[in-house]
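Ligands are counted one by one from 1 in listed order, and the atoms in each one are counted from 1 as well. Quick caveat: nothing in here was measured; it's all calculated off a predicted structure.
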Amino acid sequence: MSKSLQAIRGMNDILPEQTPLWRYFENTVARLLDNYGYKQIRMPIVEFTELFKRSIGEVTDIVEKEMYTFEDRNGDSLTLRPEGTAACVRAVLEHGLTGAGQPQKLWYIGPMFRHERPQKGRYRQFHQIGLEVFNIDGPDIDAELIVLTWRLWGLLGIRDAVKLELNSLGTSESRGRYKVALVEYLSAHLDKLDEDSQRRLKTNPLRVLDTKNADTQAVLVDAPKMADYLDDESRTHFEGLKARLDAAGIPYVINPKLVRGLDYYSKTVFEWVTDKLGAQGTVCAGGRYDGLVEQMGGKPTTGVGFAMGIERLILLLETLEQVPEEISRQVDVYLCAFGEAAELAALALSEKVRDQLPNLRLQINAGAGSFKSQFKKADKSGALYALILGDDELAQQVIGFKPLRGQGEQQNIAFDALAAHLATCVVQG
Ligand code: ATP
Ligand code: MG
């Protein structure tokens with residue numbers, strides 16, 4: 001194929017053989033979030049560039065080097081969304097959803113875009129499911145966000161493979177005091193810091209804690225710890241969160257170096273990490289952002305949320321072989337018909353059956369074919385049963401019913417009795 005007809009590097013097709021697992025994952029999450037009282041919101045994929053600069057922060061990996069930014073035909077600078085929180089806050093403000101201190105528990109799903117180096121678990125178009133809660137100060141709601149993800153890992157069968165890391169970044173005042181101490185300490189070791197960290201020391205010192213550079217990490221071992229600078233309010237909040245996680249029986253580790261990649265976090269930050277996916281180990285990450293809404297021009301409104309990376313969770317399900325067998329079977333019954341008259345009768349009959357069994361997955365053979373070829377297709381479809389309609393059956397107003405996976409003998413069923421019979425042998429989702 002010529003190069004221009006290939007997909008863009010890091011942007012993947014999700015092929016028919018993969019979509020059942022995606023849908024299983026998405027449906028599991030959607031049902032869970034319904035049960036916890038979260039409402040879905042859908043935002044556009046493209047926003048004004050300014051939105052992301054203002055919310056995510058100019059000195060972050062995302063804004064400095066990962067955004068897909070372009071000018072549209074009006075000369076406006078637009079950006080493919082790199083994450084969902086900014087657009088969600090924008091939408092909430094634009095439509096007054098949090099006016100008068102009204103609480104909101106929202107979730108969204110969709111593609112995000114970041115110009116990163118593509119590798120396993122890291123792509124340029126990837127998908128997130130995110131939750132954002134407004135006007136609930138926590139720590140009860142911070143705990144709920146974590147508790148429901150823990151339940152999700154249980155439903156998906158991956159609890160043993162993920163670990164919760166927690167930290168508190170305090171209020172902006174206590175973070176300010178901590179920053180001064182951190183900058184003082186790091187400045188005394190300037191020559192041992194990597195180039196990026198030296199630059200960040202001036203622009204966004206907390207981000208130095210996030211470094212992957214081993215020499216800088218060594219310097220950080222003795223650096224001041226945020227925990228020692230927490231204000232009383234943040235400390236009480238954090239203790240309240242930990243008490244709730246203990247009550248729910250959810251294990252966690254405190255990671256004092258957890259600062260997250262975005263500028264807007266305060267108080268709670270957390271990540272669910274796995275050691276089963278190599279370097280791309282964070283499957284879900286979030287935290288509290290009490291200052292963000294105001295920073296974006298709204299009234300003071302507290303917020304807390306997280307986003308999970310769908311690709312990484314799908315990879316984890318595959319790696320741990322936690323893919324339920326039944327999700328790949330998409331056909332219950334395959335109907336074979338032989339000759340024009342039988343085809344017409346088969347169509348009429350199958351529509352009647354669908355009226356009675358709306359959830360039945362009934363595939364009707366298309367393109368005619370010999371007995372042998374239709375039967376092969378029936379088997380290949382993964383169906384549990386084949387229905388067979390030829391001239392003989394048509395004359396008697398019956399249809400052949402043949403189990404394909406060794407569940408009993410072939411028999412003839414009267415047209416009128418077919419739906420009732422199928423209802424007894426096909427489990428309907
Ligand atoms: P990382 O440190 O791995 O770059 P991040 O801190 O940039 O992650 P967030 O912005 O917090 O990630 O996004 C939340 C989640 O979205 C991540 O934990 C991850 O599961 C997923 N994610 C982020 N970037 C990518 C990507 N480029 N490809 C696939 N998944 C991603
Ligand atoms: Mg990143």
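For the residues H115, M112, E66, R114, the heavy atom positioned nearest atom 7 (O) of ligand 1 is part of R114. Of the listed residues (H127, R122, M308), the one carrying the non-hydrogen atom nearest atom 4 (O) of ligand 1 is R122. In this comparison of G287, G309, G121, A307, the heavy atom closest to atom 29 (C) of ligand 1 sits on G121.
Residue T282 approaches ligand 1 through these ligand atoms, each under 4.0 Å from one of its heavy atoms: 17 (C), 18 (O), 19 (C), 20 (O). The ligand atoms of ligand 1 that sit less than 4.0 angstrom from a heavy atom of Q128 are 13 (O), 14 (C), 15 (C), 16 (O).
Between K105 and E132 no salt bridge is recorded (no basic side-chain N to carboxylate O distance below 4.0 Å).
The shortest separation from a heavy atom of Q280 to ligand 1 is not under 4.0 Å, leaving the residue out of contact.
Counting heavy atoms from C-beta outward, Y185 and V219 have side chains that approach closer than 4.5 Å. You'll find the side chain of T268 stays beyond 4.5 Å of the side chain of P139, heavy atoms only.
A donor-acceptor pair shorter than 3.5 Å cannot be found between the side chains of R200 and Q198.
Looking at R312 next to ligand 1, an N or O pair under 3.5 Å apart turns up.
A tilted orientation is assigned to the rings of Y178 and Y229, their planes being inclined by 30° to 60°.
Not one N or O on the side chain of S234 forms a donor-acceptor pair closer than 3.5 Å with the backbone of L230.
Neither the backbone nor the side chain of D61 has a heavy atom within less than 4.0 Å of ligand 1.
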